[in-house]
Structure formats: C-alpha cells, structure tokens
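All ligand and atom numbering here is 1-based and tracks the order in the structure. Here the structure is a predicted model, which means the values were calculated and not measured.
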Amino acid sequence: MTEPLFIYNTLSRKKEKFEPLTPPFVGMYVCGPTVYSDVHLGNCRTFVSFDLVYRYLKFLGYKVRYVRNITDAGHLEGDRDEGEDKFAKKARLEQVEPMEIVQKYTLGFHEVMRMVNALPPSIEPTATGHICEQIEMIKQIISNGYAYEVNGTVYFDVEKYNTQYPYGTLTNRQLDDLIAGTRELGGQDEKHGRLDFALWIHAKPEHMMRWPSPWGWGFPGWHIECSAMSSKYLGEIFDIHGGGMDLQATHHTNEIAQSQACNHKAPVKYWMHTNMLTVNGVRMSKSAGNGFLPGELFAGTHQLLDKAYSPMTVRFFMLQSHYRSTLDFSNEALQASEKGFQRLMNSYALLGKLTPSAASTTDIPVLIGKGLEAMNDDFNSPVLIAQLFECARVIQAVNAGSETISRADLDLLTVKMHEFIFDVLGLLPEDHANNEIVEGILNLVLTIRNEAKTKKDFATSDKIRDELNKIKIVIKDTKDGTSWSITQ
Ligand code: AMP
Ligand code: ZN
C-alpha cells in the first residue's frame, strides 16, 4: 500500500486519494442483479468492473469485505411504485413459484460470473432474507419524521428531508429542478410530494410475495434493501459503494436519503459508477430488448454475431476500456480483443524460453511502474493493458534476437506480468493449441457435410448436424457459409 490510489468519487466529481475509514479494512457494496431474468452483457460489464476494483484493492494488501446483493423482491414494472411485480409476472407466465424464478436466474448469474472469472463477493445477501432489517429501518425513518404511511404503504418524504439534507447531491441537482422534471400528482396518488418514493408497499390480494409488517401485509420498495443490507454488513458509514451509472439519479440518491434520514450520517465515502455498455450507441438494457446474453456470445448464436467469443475474450474486451467510459459492442472490437488477448498470452508463454543477456535494451522497471501508475489512477485497466502489450513486444523482440533482457529484468517481468494478467485483470489462460485442433477437425466435418448437401445426400448432412447437436455443437447455415459454435 505504498503508492497512493486515486478513485473518482461521483459525489465530489473528482479523483480523490483513497483513504479507507479503518485501514487495512475496506468495505465495498455493489448493487447486484435483479434476478427475474438473465443478466445481459451490460450487467456483466458492471460486475467485471467491480471485480477489477476488488482484485486490485486486495492486490494492494487491503482486507476487503465485498458485499453484492441479489434483488429478489420489490421490483415493480412501473418506475413510480406501481404496476405488476416483475418476479410475480414472470412466475405467472412460466407457471412457477416466484422463488423458482429467483433460484433459476440466481444460478444463471453465478454461472456467468464463474465463466468470466469474477470472484464471488464476501457476502451475497438477498432482499427477501432481510425483510426484518428493512422494516426496522423504515420504522426508524418514520420515527425520525422523514416518512409517512398511507393505506398500508409507507412513503419517504423527500421535501421534508431536503429541508435538513440536500437531496440531489449525487447528481448535483436542485430539488426544484427535480420536481419540475417529474409528473404532477393526480387525484389517485397517495403520496404527498411528487418525488416521494415507497419504502414499504401494501400488498394487493393477488400479490404473492408478501410479508407482515407494522403497516399490514406488504413488501419492501426497491431502494430500502440496499440501505438496510449495506449498513448491516458494512456499518452506518462505509468506504465504497458502486453500481452502474443508471442507478445514480434514483436508486443511489434514495439510498443516501434513507440512510441519512435513519442514522443522520452520510453512508458512503466513495461513490463509484460504471458507464454503460452500448449497442450501436444505445444502452444495452432488458427493457430496450437489445440485451445480448453472455451465453449467446460464448456460443456465437446471436444474430448480430459473426462467430463465438470465449469468456476470456469478452472479459479482455471489457477491461480494454476504462470503467467510466462507454463501451460499444461490435464484432470488430471483439475480434481485435480476441487477437490482442492471444498475442498477450502467447508472449507470456514465451517468457520461460527467453535467454537472458548481460543488459536490457528496454527499461523493464519503468514499464512495470507505468502499469501500476495506471491502476492507481482510478483503475485505468486500458493503460495497464497497453503497458502489457509493450511487455509482449519486448518479449517477442528478445525471442527474435533484435533486443536483449537481463536476468534480473526477466525475473521481474515474469513475476509482474503474472500478477497483472492473472491476479489484477483476472484473466485465465486458454488452451489455444487444442482450440486450433478442434477448429481444424470441425471445419473438415463441415466440408464433408457441405459436399453431402451438394450431392443432395440430405440423410448424411442432417445426421452430421444432429450428431454435432448432441455434443452441444450448433451449426448455422448462412449465405456466407456454415459456422459452428459450442453451447454452454
Ligand atoms: P439490474 O439487474 O438491471 O438491476 O442491473 C444490475 C447492474 O447492472 C446495475 O449496477 C446496473 O447499473 C448495471 N447495468 C445495467 N445495464 C447496464 C449497461 N448497459 N451497461 C453497464 N451496466 C449496466
Ligand atoms: Zn442497490
């Protein structure tokens, strides 16, 4: 922990020197997935970004308690505390219990995280497992005078809160502007103010996920779970809170308000937000319907894909852009990442075969220092990767005899590249040699199938397709030829 680390804090809108509240301990909370459907690649980007943060903090020697929740209750279709519950709707459509939906998509999420080599968090609490904590917090907010009950629903009083604490600090907005940008209340609305949001929602008779509370049977609003669970596991004030940028204006703004109204303390020292993964410039989201599933990418089955990409290529692609920049999804970018990743790993594999000389032609400690400097500058993984490419260039040049490296520098490079590639970036080696053999055999099988088709021997061509399907290899006939991919 010798080098200072700087983190961009959304709250102050500048990079700040990282000084944990109680070093060497660091508390980090990241808003996890809402498990009523599969996570898409955009969600993955956020979780891979915080995996990088977690790994780097641990690499620096901090003892990190990383809490990432599972949202398994309290999400309504409308964003104004109205509409059908998303879990209940999915359960109704699939004719299963809501908790079966939760289980299915939680398992799917864990599988995707495992494939992209994201470390599991220290604690993964669920909203439904912390109903008591949420009720206690709501009771405290009411008794502090910042919430009110109407017909079994409890609302947070934003205007009252704003008389004590500024409400829109995270996005630097004034209350009047926020109110002006919100729909006027109608006669049917129960809430007192336009920005008021539900802490607890009265359950209609048909609502399946429900719990008893001092206000009758109901279920928690979405924001309160994160306030209750973060304070339970990390304390009333903790170091880092993260999530995607889309959560700043409402979810995180309301989290700050709830915690402050309950404990009279600002809950978080450093707020971190990841930028969005986009497709043709449009944010990838469940509602926009432009969400790629990671499995579709690994199998190459999505219509916009030319081919399949390995989980490590996808992870590398994500880390090649800074977490605060948007990342646009394209075949070209993924292909470039695939090549870059292979080049890096091939060069790393050459390290053990290099013969050292008396002196080095490149200043290796400077190269390594620049990599660390990049990570200390708000986790700048693309600059670290650029330094690793420079290391790869040196390795190739030494191997070709056009440059030299000393024994000490070779040892340093071996240790540091290992740390950067595997510990910090969390990449895993892939068996490219075997991949090439598999690719060769499959291309041969597909050529035989195409010849059978040309001869109108459909029995043989169909048999090949079906047999490949049985071993989870899917083939796709397009006007440009036949491609194949392995399903997970
Ligand atoms: P959700 O399951 O929708 O609650 O989202 C889980 C996490 O993914 C949150 O931190 C979101 O901010 C984040 N997220 C959602 N869409 C994207 C996207 N297109 N790019 C990056 N992160 C996203
Ligand atoms: Zn949250």
Side-chain angles (χ1 to χ4, degrees), residues 10 28-53 67-77 79 86-87 90 101-102 105-106 108-110 112-113 116 118 121 123-127 130 134 137 170 197 199 220-234 238 240-259 267-268 271-294 314 317-319 321-329:
T10 313
M28 175 162 98
Y29 187 93
V30 171
C31 291
T34 310
V35 287
Y36 70 93
S37 64
D38 286 307
V39 284
H40 56 64
L41 213 60
N43 304 133
C44 280
R45 187 208 182 181
T46 287
F47 300 129
V48 166
S49 299
F50 284 106
D51 184 55
L52 176 76
V53 172
V67 183
R68 187 184 65 207
N69 68 304
I70 294 277
T71 296
D72 58 354
H75 250 247
L76 300 184
E77 289 216 288
D79 53 6
K86 288 176 180 169
F87 296 93
K90 199 62 178 271
I101 296 294
V102 167
Y105 294 110
T106 302
F109 169 61
H110 287 161
V112 171
M113 290 295 101
V116 295
I123 305 177
E124 194 170 44
T126 61
H130 294 77
Q134 296 178 73
M137 193 162 195
L170 198 58
F197 57 90
L199 298 173
W222 168 33
H223 317 299
I224 193 73
E225 68 173 273
C226 289
S227 293
M229 297 191 287
S230 60
S231 60
K232 172 165 175 140
Y233 296 112
L234 299 174
F238 56 96
I240 299 175
H241 191 316
M245 259 173 61
D246 56 320
L247 301 183
Q248 271 173 29
T250 308
H251 183 56
H252 290 164
T253 292
N254 291 349
E255 266 191 58
I256 295 176
Q258 292 164 156
S259 297
V268 177
W271 278 95
M272 293 182 69
H273 289 97
T274 53
N275 211 324
M276 297 289 106
L277 181 82
T278 55
V279 188
N280 297 324
V282 179
R283 179 191 144 196
M284 185 178 281
S285 75
K286 287 170 192 165
S287 49
N290 62 352
F292 277 81
L293 299 186
V314 174
F317 162 71
M318 290 177 172
L319 295 174
S321 82
H322 188 247
Y323 75 89
R324 283 192 292 115
S325 311
T326 52
L327 171 61
D328 201 47
F329 177 91

Any side-chain to backbone donor/acceptor pair from Ser227 onto Glu255? Under 3.5 Å, distance only.
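The answer is yes, because a donor-acceptor pair under 3.5 Å joins these two groups.
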
Report yes or no: does Glu225 contribute a side-chain atom to a donor-acceptor pair with the main-chain N or O of Gly221 at less than 3.5 Å?
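No.
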
What heavy-atom pair brings Ala228 and Ser231 nearest, and what distance separates the two atoms?
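So the two residues come closest at O-OG, 3.2 Å.
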
Indicate whether the side chain of His110 and that of Tyr105 have a donor and an acceptor atom separated by less than 3.5 Å.
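His110 vs Tyr105: no donor-acceptor pair found between side chains.
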
Sort out the contact shell of ligand 1: every protein residue with a heavy-atom distance below 4.0 Å, listed by chain and number.
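Its neighbours under 4.0 Å (heavy atoms only) are Cys31, Gly32, Pro33, Thr34, His40, Gly42, Asn43, Thr46, Phe47, Gly243, Gly244, Asp246, Leu247, Asn275, Met276, Leu277, Arg283, Met284, Lys286, given by chain and number.
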
What residues, two or more places apart in sequence or in another chain, satisfy side chain to side chain contact (heavy atoms under 4.5 Å, CB included) together with Ala249?
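Here the qualifying residues are Thr171.
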
For the Zn ion (ligand 2), which protein N/O/S atoms are closer than 2.8 Å?
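Those protein N, O or S atoms (cut-off: under 2.8 Å from the Zn ion (ligand 2)) are Cys31 SG, Cys226 SG, His251 NE2.
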
Centres of the His252 and His223 rings: under 6.0 Å?
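No, too far apart.
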
Report yes if the distance between the aromatic ring centroids of Phe109 and Phe47 is under 6.0 Å, otherwise no.
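Under 6.0 Å, so yes.
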
For Phe292, which residues count as a ring pair (Phe, Tyr, Trp, His ring centres under 6.0 Å) partner, sequence neighbours excluded?
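Phe292: ring pair (Phe, Tyr, Trp, His ring centres under 6.0 Å) contacts with His302, Phe329.
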
Among Ile256, Leu247, Val268, the one residue meeting side chain to side chain contact (heavy atoms under 4.5 Å, CB included) with Leu170
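Answer after filtering Ile256, Leu247, Val268: Ile256.
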
